[in-house]
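For reference, the structure is listed below as structure tokens.
Small disclaimer: the values here were computed from a predicted structure and weren't measured.
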Amino acid sequence: MKWNGRSVFALVLVAMVASSILTMGLMKTSAGSSNATAVTAAAGSLFAGSQQEYPKEFKKLLDAFSAIKQEYIQDVTTDQLVEGAIGGMVGSLKDPYSDYMDPSSAEEFNSTLHSTFQGIGTEVTMQNGRVTVVSPFKGSPAERAGLRPNDQILSVNGESLEGLDLHQAVTKIRGPKGSKAVLKIARPGVAEPLTVVCVRDDIPIETVTSQIIEKNGVKVGVISLTQFSSDTSKHFTDQLNDLEKKGIGGLIIDVRGNPGGYLLAVKEIGESLIPNKDKIVEIEYGSANKQREEYFSKTDAAKPYPIAVLINGGSASASEILAGAMSESGGYKLVGEKSFGKGTVQSTMEMADKSQLKLTIAKWLTPKGNWIHEKGIEPDVKVAQPEYFNATQLPTDKALSRDMAGSDVKNLQLILTGLKLPAGRDDGYFDEKTEQAVKKFQAAHKLPVTGAVDQATRTALEDSLREEIRKPENDLQLQKALEVVAQQTKVK
């Protein structure tokens with residue numbers, strides 16, 4: 001989550017001043033230092049030109065820098081050592097959300113803030129040394145391939161990600177449109193690593209979509225937010241106004257799979273929805289003085305219709321701020337599954353060379369003072385999706401056929417169930433009934449009726465399942481939210 005408000009601006013100014021003082025301090029060694037003569041010419045040029053003493057805590061750093069420049073067996077550049085030192089300091093925080101990006105990594109990251117970028121379309125973070133999925137973007141190659149929150153990406157196209165920092169790993173995951181990213185992933189609760197193939201594509205940053213669905217005679221507006229970007233609140237307001245002009249009797253805000261984004265965007269949305277000018281969020285800065293800022297709605301009266309918010313394990317950060325405010329201050333129902341649990345705020349400072357330092361500067365609390373970090377928010381109405389929503393890709397390196405057994409066949413049987421072609425068993429054994437279900441599918445899709453799952457059948461099965469998952473009537477969480485809103489409308 002990013003914040004561009006007053007406090008962060010002040011923090012950045014302080015950081016910039018501190019950085020300047022630190023730089024000037026490092027430019028001159030202590031006159032009394034026994035190591036002063038050991039500084040190489042390169043180190044001397046780096047630390048020359050200032051009369052200000054560096055903080056005594058940095059003597060050890062300077063000694064190490066000097067020793068490496070003078071004694072190391074190979075030549076190393078000053079930039080290499082400085083970049084490594086900064087990366088090491090940030091790494092010592094052991095915070096998956098604080099990060100340092102060198103100029104090339106920062107440029108790569110900034111490209112994702114444009115209207116489109118090319119890749120697989122998922123938010124990732126580093127947890128316990130592994131690249132971990134926060135949430136795939138809706139409609140992205142990652143979502144279509146079956147990636148889920150908390151999946152850990154072990155390798156890309158056979159190259160291990162072990163030992164890489166987050167941005168080095170992301171560079172390997174991303175790539176030109178049409179190319180394949182073959183991911184080996186570890187999934188919680190699954191014993192063996194899974195293989196997921198994503199075909200990279202343009203990832204459009206369209207953050208707000210809306211539609212009207214009728215439920216029990218009530219026209220319910222559904223607004224889906226895929227992330228919170230700089231213009232999300234404006235698009236949300238425009239589409240909500242359009243829905244209201246069409247006479248909706250209820251509203252669902254869907255932040256499932258929304259990894260977060262700009263705090264300012266969710267604040268502006270909350271200002272228009274939370275009644276009684278009540279609290280939206282509380283921000284607690286730093287670890288020393290615990291400076292706090294509270295943000296409140298600008299709205300007096302509640303909307304003249306009921307509202308529900310859809311959440312799941314991919315709803316993180318700014319999505320959780322909105323969900324928490326709508327629940328605790330608005331009294332609106334949350335429907336779905338427990339959210340991700342990210343309760344911190346990050347700010348990014350750009351250095352003179354275009355590198356970027358992203359630091360966790362605050363934690364946020366719900367209106368009632370709850371910190372949901374690593375705990376998430378529980379919905380009022382818990383609803384799990386059908387099991388076949390969790391199906392993964394079928395193998396690309398082999399066909400599945402009669403008398404085979406294992407997790408791939410079990411996954412096939414799950415897909416067939418989702419397509420209303422039950423195989424009669426789900427234990428992973430490819431028996432005659434499973435073969436008959438495959439043949440029935442092949443005949444319906446004008447494929448060679450062999451009973452074996454070859455490449456053409458695999459592709460057709462996966463495409464057909466995606467179509468089923470996209471149908472609103474199969475989305476049990478959406479249907480329950482529609483039911484909740486429709487019931488409240490009738491009560492009114």
Is it true that atom NZ of K480 has more than 12 heavy atoms of other residues, nucleotides or ligands lying nearer than 6.0 Å? no
Decide salt bridge (Lys or Arg N to Asp or Glu O under 4.0 Å) for K303 and E244; before the verdict, give the C-alpha distance in whole Å, the side-chain angles of both, and the deciding distance to 0.1 Å. CA-CA 10 Å; K303 291 289 186 181; E244 290 177 337; 3.1 Å; yes
Exceeds 12 heavy-atom contacts within 6.0 angstrom, atom CD of Q80: yes
Report yes or no: is the cationic atom of K358 (NZ for Lys, CZ for Arg) closer than 6.0 Å to the six-membered ring centre of Y97, at no more than 45° off its axis? no
Please check if the side chain of K342 supplies one atom and the backbone of T344 the other of a donor-acceptor pair under 3.5 Å. yes
Between R292 and E282, is there a salt bridge with N-O shorter than 4.0 Å? yes
So, for G261 and A318, which heavy atoms are closest and what is the spacing to 0.1 Å? N-CB, 4.0 Å
If we ignore hydrogens and angles and just use 3.5 Å, is the side chain of T132 paired with the main-chain N or O of R130 as donor and acceptor? yes
May I ask you to decide if I377's main-chain N or O and S339's side chain share a donor-acceptor pair within less than 3.5 Å? yes
Are a donor atom and an acceptor atom from the side chains of D475 and Q385 found within less than 3.5 Å of each other? yes
More than 12 foreign heavy atoms under 6.0 Å from CG of N241: is that the case here? yes
Is a side-chain donor or acceptor of T299 paired with a backbone partner of A301 at a separation under 3.5 angstrom? no
Would you confirm whether K375, through its side chain, and W371, through its main-chain N or O, come within 3.5 Å as a donor-acceptor pair? yes
Residue E192 excluded, over 12 heavy atoms near CD under 6.0 Å: no
Would you say T207's side chain and L225's backbone share a donor-acceptor pair under 3.5 angstrom? no
Heavy-atom pair of closest approach, residues I120 and C198: CG2-CB, 3.7 Å
Pair R466 + D463: basic N to acidic O under 4.0 Å: yes
More than 12 heavy atoms of other residues, nucleotides or ligands under 6.0 Å from NZ of K363: is that the case? yes
What pair of heavy atoms forms the shortest contact from I361 to S347, and how long is it? CD1-CB, 3.7 Å
Hey, what do you get for CD (Q346) to CG (D95), rounding to the nearest 0.5 Å? 6.5 Å
Can you check whether I223's main-chain N or O pairs, donor with acceptor, with Q211's side chain at less than 3.5 Å? no
Yes or no on side-chain hydrogen bond (donor to acceptor under 3.5 Å, both in side chains) for E123 and S135, after CA distance, side-chain angles and deciding distance? CA-CA 5 Å; E123 178 91 359; S135 183; over 6 Å; no
Are any side-chain N or O atoms of E328 and backbone N or O atoms of K368, one a donor and one an acceptor, separated by less than 3.5 Å? yes
Is S140 reaching over with its side chain to a backbone N or O of E143, donor-acceptor style, under 3.5 angstrom? yes
Note: L194 and R187 closest approach over all heavy atoms is CD1-NH1, 3.7 Å
Using the test side-chain contact (heavy atoms from CB on, under 4.5 Å), find all partners of S329 that sit at least two apart in sequence or belong to another chain. I274, D278, K279, P367
Okay, side chain of K219, backbone of K246: is any donor-acceptor separation there less than 3.5 Å? yes
